[in-house]
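Just the heavy atoms: all of them, side chains too, but no hydrogens, waters or symmetry mates, feed the values below. Numbers for residues simply follow the sequence, beginning at 1. When a ligand or atom number is given, it counts from 1 through the structure's own listing order. What you are looking at is a predicted structure, and each value in this text was computed from that prediction instead of being measured.
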Amino acid sequence: MDNPADGRNPSYRALLTGTGFSLPQKVVTNDDIARRVDTSDEWINTRTGIRRRRVASEKESTALLASAAARKALSKADVDPAELDLIIVGTVTPEMVFPSTACFVQDSIGATHAWSFDLAAACSGFVYALSTAQQFIECGRVKKALVIGADCLSKLTNWEDRTTCILFGDGAGAAILEQGTDPDRGILYSTSGSDGKHWEALNCQAYGSRYPASKPLDDPNKIYISIKGREIYQQAVRKLVDLIEECMTQCHLVPDQVKMVIPHQMNARIIESVAKRLSLPDEKVFVNIADYGNTSAASIPIALAECVEARHITTGDIVIFVAFGAGMTWGANVIRL
Ligand code: ACO
């Protein structure tokens, strides 16, 4: 394959060598939600494609799920935790304000030689984290990296608000990246962007430095996720189409050469619109939102691990990850497995 047109010609490539995911035990169906708020399985499924989601218990947390996903990915890659140089966790529902979730994961899995940090890009967290780890591997500073997307949005959800509580689920997905030298394998291209002027469309405002826990809130709903669903829907379709087109152009790909597009699982209707606009057949676009809802930064790595396990994708295949989320943030990666 030609090098992408971004002018990069790295000596090293970031190879994907292992994947894993972890979900909370508890399943919450649309009917379960319809018993609490004025909605129905039919409404939720028709508008979003979601049928059920996993919801973390009081004892399940972001670091717990992230660590479980990491162990599976390490085992698949046959990498000892002590060999890891870097851990990045994409999350907006960290274990605590600080220290980072990545430090909790490091301790839990025994990655004694890694340096670790979190990256907050909401639903784009995994693709941002993957691009970041890629840079460290390509420049030679890191040989083995653990990249995780993990979120427990249920903990920021108002379960009495039917406009948001139907959308989200909890989970974690992990990937191991290792340094390689074959120019035709690994992450071939990454792109990322953001636009802070649309922050109000999707946010959770408490408790940061603007609204600290020590001060009473002017609006108690600031502790919950707030979304302008229509606005996000339209922006998401446009941006996801642009990103996939950019990936194909930069990597000189035609749709036949792409084995699978793995989009952020935000809404099945959004994914269908994107696929239709790009004339991508169903079998090239992975969708698992029916079972898990929108798991934020975890959605792409969970879907990736499921695709690998089901052998929908295998060594040599070209896969595109594409995401859009709060910020607004967006990004994509092209990888040859
Ligand atoms: N059940 C029944 N009716 C509902 C529900 C519900 N759960 N939620 C809203 N409605 C009603 C509204 O009150 C409204 O009623 P009205 O016409 O009488 O005023 C009607 O349904 C239509 O509401 P809309 O918000 O316009 O519904 P829409 O078709 O846009 O679907 C949805 C809403 C599913 C949220 C959609 O806009 C969407 O998927 N948006 C993008 C997804 C998104 O924002 N995800 C959050 C990402 S967060 C992240 O990724 C970190």
Determine which pairs satisfy ring pair (Phe, Tyr, Trp, His ring centres under 6.0 Å) with at least one residue from residues 79-116, sequence neighbours left out, and list them in order.
Trp115-Phe117, Trp115-Phe136
Show the distances, to 0.1 Å, for all pairs joining an N/O atom of ligand 1 and a protein N/O atom that are shorter than 3.5 Å, listing one pair per line.
residue	atom	partner	partner atom	Å
ligand 1	1 (N)	Thr39	OG1	2.7
ligand 1	3 (N)	Trp43	NE1	3.4
ligand 1	3 (N)	Arg162	NH1	3.4
ligand 1	7 (N)	Thr39	OG1	3.1
ligand 1	7 (N)	Arg162	O	2.9
ligand 1	13 (O)	Arg162	NH2	3.1
ligand 1	26 (O)	Arg230	NH2	3.4
ligand 1	29 (O)	Arg47	NH1	2.6
ligand 1	29 (O)	Arg230	NH2	3.2
ligand 1	30 (O)	Arg230	NE	3.0
ligand 1	37 (O)	Gly229	O	3.3
ligand 1	39 (O)	Asn267	ND2	2.6
ligand 1	40 (N)	Gly229	O	3.0
ligand 1	50 (O)	Asn294	ND2	3.1

Find out whether the Lys NZ or Arg CZ of Arg35 is both under 6.0 angstrom from the six-membered ring centre of Trp159 and within 45° of the ring's axis.
no
Please determine whether a side-chain nitrogen of the Lys or Arg among Glu200 and Lys228 lies less than 4.0 Å from a carboxylate oxygen of the Asp or Glu.
no
With a cut-off of under 6.0 Å to the ring centre and 45° to the axis, is Lys222 in cation-pi contact with Tyr211?
yes
Identify whether the distance between the nearest side-chain nitrogen and carboxylate oxygen of Asp317 and Arg336 falls below 4.0 Å.
no
Electrostatic pair Arg51-Asp41, nearest N-O below 4.0 angstrom:
yes
